[in-house]
Amino acid sequence: MADTKQKDLTHTPSHIVKSILGTGLFAVLCIVIAFPLLAGLMASFRPGTELIRKGLAIDLNPSTMTLSNYAYLFGGNEDSRKYFMWYKNSLLITFFSVVLTLIICYFVAYGLTMYDFRLKNLLFTLVIATMMVPFEILMLPMYKEIIALHLIDTYVGVIITGLCSASTIFFFRQYLSGLPKELLSAMGAWNAILWPLLVLKGAQKFTLPIGLNTLLTPYGNNYDVLIAGSMFGILPIFVIFLLFQKYIIDGMTAGT
């Protein structure tokens, strides 16, 4: 009887209208979110002159599309060798950042979750409070500390400052079995630019975001290669998202 009533409610005009409006709203949001990605993908197949003339627009004109940007990127030239060197550096830093961050943050979150002791809630509050401190305030003290430890221009200097992430501790504590914590750390380590830019001095050790920015010139004649490299550069994070999307949704909706 209850099931019959539930089915009747789902077929009422008001419910159908809400369903249509909700679906339409999410469709519009999907288009808005996907537009920059599609525009960037299309731009990566256009020469620099077309990119400067039209900008990041979705242009499906086959006459202006070319594979020359990707051919140059994978062509084994000097820029290509530097690009994949930066790609390798980003992969290494991201891998070790994720592994070490998960180990350290797990033990911290486990202690704050499983054990009862005085000041437990205060300590957790202090951990969360660090999330409200802008990185720009911490940047100079951390930079001086890295200099004192002789870790300038090393991967360790880039990795060590983010090993105890407050956001990762928080999510470990809240969703110990639901949310893929490795995604949180991976995105931050892969996209980081300001701190690696301060610590790393030699081009041989640049990460991908820093290296791609060195391709820019005052005349903008490398924007086509820059966009092609950027599109290929999002591939690891995109693959991680596809692999863990089920757990992301489960984790985000836990408790609702």
Nearest-0.5 Å distance, [atom1] of residue [X] to [atom2] of residue [Y]:
| X | Y | atom1 | atom2 | answer |
| --- | --- | --- | --- | --- |
| Leu102 | Ser165 | CG | OG | 10.0 Å |
| Thr101 | Ile169 | OG1 | CD1 | 9.5 Å |
| Leu67 | Ser44 | CG | OG | 9.5 Å |
| Trp86 | Ile210 | CH2 | CD1 | 10.0 Å |

Worked verdict on Leu37 versus Met231 for side chain to side chain contact (heavy atoms under 4.5 Å, CB included): CA-CA 8 Å; Leu37 181 62; Met231 295 306 300; 3.7 Å; yes

Can you tell me how the ring of Phe170 sits relative to the ring of Phe124, calling it parallel under 30°, perpendicular over 60° and tilted otherwise?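 Phe170 and Phe124: parallel rings.
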
Test of understanding: clusters of I, L, V, M, F, W, Y form through side-chain heavy atoms closer than 4.5 Å, transitively. Do [X] and [Y] belong to the same one?
| X | Y | result |
| --- | --- | --- |
| Val199 | Ile137 | yes |
| Ile31 | Ile20 | no |
| Met139 | Val133 | yes |
| Ile160 | Ile103 | yes |

Indicate the atoms forming the closest heavy-atom contact of [X] with [Y], along with that distance.
| X | Y | value |
| --- | --- | --- |
| Met142 | Phe135 | CE-CE1, 3.2 Å |
| Pro36 | Val32 | CD-O, 3.3 Å |
| Ala43 | Asn69 | O-ND2, 4.3 Å |
| Lys205 | Leu200 | O-CD1, 3.0 Å |
| Thr207 | Asn89 | CA-CB, 4.4 Å |

Can you confirm if the aromatic rings of Phe74 and Tyr83 lie within a centre distance of less than 6.0 Å?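 When the ring centroids of Tyr83 and Phe74 are compared, they turn out to be at least 6.0 Å apart.
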
Counting neighbours of [atom1] on [X] that are heavy atoms of other residues, nucleotides or ligands and sit closer than 6.0 Å, is the number greater than 12?
| X | atom1 | value |
| --- | --- | --- |
| Leu163 | CG | yes |
| Phe96 | CZ | no |
| Lys18 | NZ | no |
| Ile147 | CD1 | yes |

Might you work through the side chain to side chain contact (heavy atoms under 4.5 Å, CB included) test for Tyr87 and Leu235, ending with a clear yes or no? CA-CA 11 Å; Tyr87 209 101; Leu235 186 61; 4.2 Å; yes

Whether the side chain of [X] engages the backbone of [Y] through a donor-acceptor N/O pair (distance < 3.5 Å, no angle test) should be reported.
| X | Y | value |
| --- | --- | --- |
| Ser90 | Leu208 | yes |
| Lys82 | Gly211 | no |
| Thr154 | Leu151 | yes |

Criterion side-chain contact (heavy atoms from CB on, under 4.5 Å) against Phe95, the qualifying member of Leu91, Val99, Ile93, Leu92: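 Testing Phe95 for a side-chain contact (heavy atoms from CB on, under 4.5 Å) against Leu91, Val99, Ile93, Leu92 leaves exactly one candidate, Val99.
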
Under the side chain to side chain contact (heavy atoms under 4.5 Å, CB included) rule, what do Leu126 and Thr130 come out as? Steps first, then yes or no, please. CA-CA 6 Å; Leu126 291 176; Thr130 62; 5.9 Å; no

Phe45 and Thr66: side chain to side chain contact (heavy atoms under 4.5 Å, CB included), yes or no, with the steps? CA-CA 5 Å; Phe45 290 99; Thr66 176; 5.9 Å; no

